[in-house]
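Convention: sequence-line order gives letters A, B, ...; per-chain numbering from 1.
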2 protein chains.
Amino acid sequence: MTTLKEIAQETGVSICTVSRVLNGKNREVWPGPAQRAERIRKIARKLGYRVNTSARAIRKGSFHSIAFVRHGTTRFSWYPQELLDGLEDEIAHHGYRLAMERLDEQQLTHPRTLPRFLRELSVDGFVVNIVCRMNDSLIKAFANYDRPTVWTNFRYHQDCVFPDDFGAARELVERLCGLGHRRIAYIAFDSMPGKDEEAQSLHYSVEDRPAGYAQAMEAAGLPSRVAIRPHSGQVLRLDYADSALREIAAWKPTAIIAGNLPEAASLRAVARARGISVPDDLAIATFAPDIEALALSAISAMVLPFRQVGKRAADLLFHKLNHREAQSFPPESVACTWRPAASTGDMPGYIQAAEPAETSGQKTLRTP
Amino acid sequence: MTTLKEIAQETGVSICTVSRVLNGKNREVWPGPAQRAERIRKIARKLGYRVNTSARAIRKGSFHSIAFVRHGTTRFSWYPQELLDGLEDEIAHHGYRLAMERLDEQQLTHPRTLPRFLRELSVDGFVVNIVCRMNDSLIKAFANYDRPTVWTNFRYHQDCVFPDDFGAARELVERLCGLGHRRIAYIAFDSMPGKDEEAQSLHYSVEDRPAGYAQAMEAAGLPSRVAIRPHSGQVLRLDYADSALREIAAWKPTAIIAGNLPEAASLRAVARARGISVPDDLAIATFAPDIEALALSAISAMVLPFRQVGKRAADLLFHKLNHREAQSFPPESVACTWRPAASTGDMPGYIQAAEPAETSGQKTLRTP
DNA sequence: TTGTAAGCGTTATCAC
DNA sequence: GTGATAACGCTTACAA
């Protein structure tokens with residue numbers, strides 16, 4: 001690795017001159033020094049000089065590094081690429097770097113096996129992505145480390161940034177009302193009935209989405225109808241979708257809000273199998289990150305703003321870093337945006353290939 | 001932050017003694033020094049001492065940090081959490097850390113906007129996760145940086161680690177043969193017909209899986225049958241699944257290998273809608289990472305070993321780091337493992353709720 | 001504008 | 001087993 005020393009020797013000036021020139025701390029108004037500065041830069045380029053960030057860090061007293069902390073158990077952490085994107089953009093803008101760290105279950109109970117990044121604390125702050133509602137011990141554990149911390153995709157009473165799932169559910173109801181829907185049901189496969197221990201490991205949206213739905217329906221003076229199935233880790237639950245749709249069929253809904261995208265996909269698949277056109281006969285709406293690969297044109301969605309969540313988390317972290325007295329901030333929810341279903345929900349190719357509508361018989365869900 | 005100096009002052013010994021004790025470089029066989037060492041450790045603990053990794057790095061001449069490089073465009077990178085897990089485990093084992101970095105398209109063409117980690121090169125090596133087959137310029141770009149580099153989930157003629165998709169497809173055929181299947185079709189929705197420019201942006205598995213299938217079928221003396229649909233970014237393509245199943249229905253397959261999990265899920269959904277029992281009437285097999293959430297009990301799969309891919313990538317990177325003369329290594333594919341469908345493929349709950357089988361009419365795919 | 005010199009926190013060397 | 005001393009690469013008063 002090229003050092004300032006080598007460049008100094010090559011150019012015949014002192015080390016600190018090289019440092020100053022390369023950091024742009026000379027005004028370079030006179031021709032002589034300006035020429036010399038140009039020569040220094042040229043040689044630095046020729047030698048492929050890169051500043052040694054460790055040496056710089058040791059002088060500046062900062063690691064210029066933020067840890068992104070996820071849970072060792074996959075389902076206890078959730079972040080789309082977008083969240084990392086937003087985070088990285090903002091962090092890079094401040095000249096910092098993102099270090100991926102993992103926190104395993106037993107590392108919290110046995111401090112002997114603390115992960116390296118906590119043993120060494122070689123970062124300036126934490127962005128935590130542990131989305132389950134565990135007991136407060138974890139949060140207190142982070143409070144003990146003298147580092148600014150921001151929680152992402154997690155709702156708590158302070159220091160957190162998360163998509164406004166409650167507001168999104170409300171807006172979904174309002175949008176559907178605006179489209180003329182009056183009988184809007186809510187279907188989810190991953191809510192737990194009770195407030196038992198297991199429920200504590202669920203993402204806040206599992207509570208907030210149905211709550212937002214219920215509140216908005218009540219505010220609109222409309223009757224709510226909810227069908228819940230117990231959680232299962234499967235990507236498609238056609239059996240759940242089928243039985244949930246049957247459960248509310250007699251109620252004749254014209255729109256359904258699904259708890260998440262796979263659930264919406266399951267519902268759509270079952271609707272198709274029954275010859276119900278989506279969204280023409282039955283609107284399906286849900287919540288989804290803005291990932292191209294998840295595009296489901298027939299399904300309306302509130303788009304979860306994970307890029308902004310990441311960006312905002314970084315903003316708040318740097319604010320904490322620059323104002324060490326500011327110890328915590330109130331919870332921040334980021335608004336979701338409405339993405340209506342494409343009008344060509346059922347693709348011509350499928351319509352043509354589908355079973356003749358009369359064979360599926362069941363039409364109870366169709367609107368008059 | 002507590003430093004060695006403070007501990008030295010507190011205990012009344014020299015800085016380097018503290019350093020030695022804390023690094024366990026004293027044998028501590030005599031009682032006197034052993035007691036003193038204990039006292040030093042105690043005070044270090046009391047003061048909350050953490051080694052300054054920057055200072056250590058500057059002394060050791062290493063950043064103790066590996067960059068994980070992903071592409072700024074989401075679809076050009078792909079890594080499950082498992083890959084990161086395997087990588088982190090191995091990296092942490094060597095006392096290194098993982099820095100997340102992103103490479104955007106225009107940063108490659110305009111060197112002015114090089115990302116910080118490449119401008120500063122403050123890592124010891126690169127683990128690259130850019131899975132599209134772009135032109136070689138990117139690979140050459142990395143070769144220019146004097147850092148060991150390993151490519152993951154990417155097949156190339158050197159310096160890469162990836163799941164053995166070709167072998168997995170072969171094994172899928174062999175396993176299905178072992179179960180008595182003779183008419184095995186291959187269905188995929190994301191292969192491009194030609195070798196055009198767009199195809200260069202595809203993952204290697206899009207080629208390797210059908211190729212492995214074709215080779216194994218030929219080796220078994222069985223006729224191949226392939227149905228391909230053009231790529232679309234949607235999570236479910238029931239229309240594709242429907243038309244592809246129709247296309248090969250007359251051939252009367254007893255098993256289908258799907259190009260990936262969403263495709264398998266689409267096929268299963270359509271099979272269900274038609275009253276075809278999976279896997280009893282029609283076996284569906286595919287390729288999938290070992291993520292709990294993707295469990296689809298009725299579908300057989302070759303499990304993609306991403307944890308090992310990550311681990312192996314780290315292994316190879318550290319080998320390169322420790323033997324700087326070893327400039328490159330031949331491509332390494334990691335074997336996948338067979339995960340058969342659960343026998344209770346169609347859940348009783350669904351069967352009960354499903355349309356009566358006679359209404360769907362279409363039984364062409366059933367085996368005699 | 002430039003050079004000298006000190007110092008950041010740590011580790012390695014080498015006499016003791 | 002210990003401690004003085006030097007060194008890692010860089011930044012920055014301060015004096016020239």
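Screening residues 38-69 of chain A for ring-ring contact (aromatic ring centres under 6.0 Å, His included) gives His64(A)-Tyr96(A), Phe68(A)-Tyr79(A) as the qualifying pairs, with residues at least two apart or on separate chains. The stretch residues 18-28 of chain B participates, sequence neighbours left out, in these salt bridge (charged side-chain N to carboxylate O under 4.0 Å, His left out) pairs: Glu28(B)-Arg41(B).
Residue Glu120(B) contributes atom CD, which lies 16 Å from atom P of dG9(D) at whole-angstrom precision.
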Sugar-phosphate or base contact per nucleotide [nucleotides 10-16 of chain D; S, B, -; heavy atom under 4.0 Å]: BBB----
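Checked options Trp78(B), Trp151(B), Tyr204(B); the residue passing with Phe162(B) is Tyr204(B) (criterion: ring pair (Phe, Tyr, Trp, His ring centres under 6.0 Å)).
First and last contacting nucleotides of DNA chain C toward chain A (any atom under 4.0 angstrom from a heavy atom, 5' to 3' order): dT1(C) to dG9(C).
Using a 4.0 Å cutoff on non-hydrogen atoms, the parts of residues 27-43 of chain B near DNA chain D are Arg27(B), Glu28(B), Val29(B), Pro33(B), Arg36(B), ordered by number.
Using modelled atom types and a 3.5 Å distance limit, the side chains of Ser122(A) and Arg97(B) yield a donor-acceptor pair.
Between Val161(A) and Asp315(A) there is no side-chain heavy-atom pair separated by less than 4.5 Å. Proximity of Phe126(A) to Leu317(A): side-chain heavy atoms (C-beta onward) are nowhere separated by under 4.5 Å. The side-chain heavy atoms of Asp85(B) and Arg70(A), taken from C-beta on, include a pair separated by under 4.5 Å. Contact of the Pro115(A) side chain with the Glu101(A) side chain is not registered, since no non-hydrogen atoms from C-beta on lie closer than 4.5 Å.
Every residue two or more places apart in sequence or in another chain was checked for a side chain to side chain donor-acceptor pair (under 3.5 Å) with Gln308(A), and none qualifies.
Phe142(A) and Tyr145(A) have perpendicular rings, their planes meeting at more than 60° on a 0 to 90° scale where under 30° would count as parallel.
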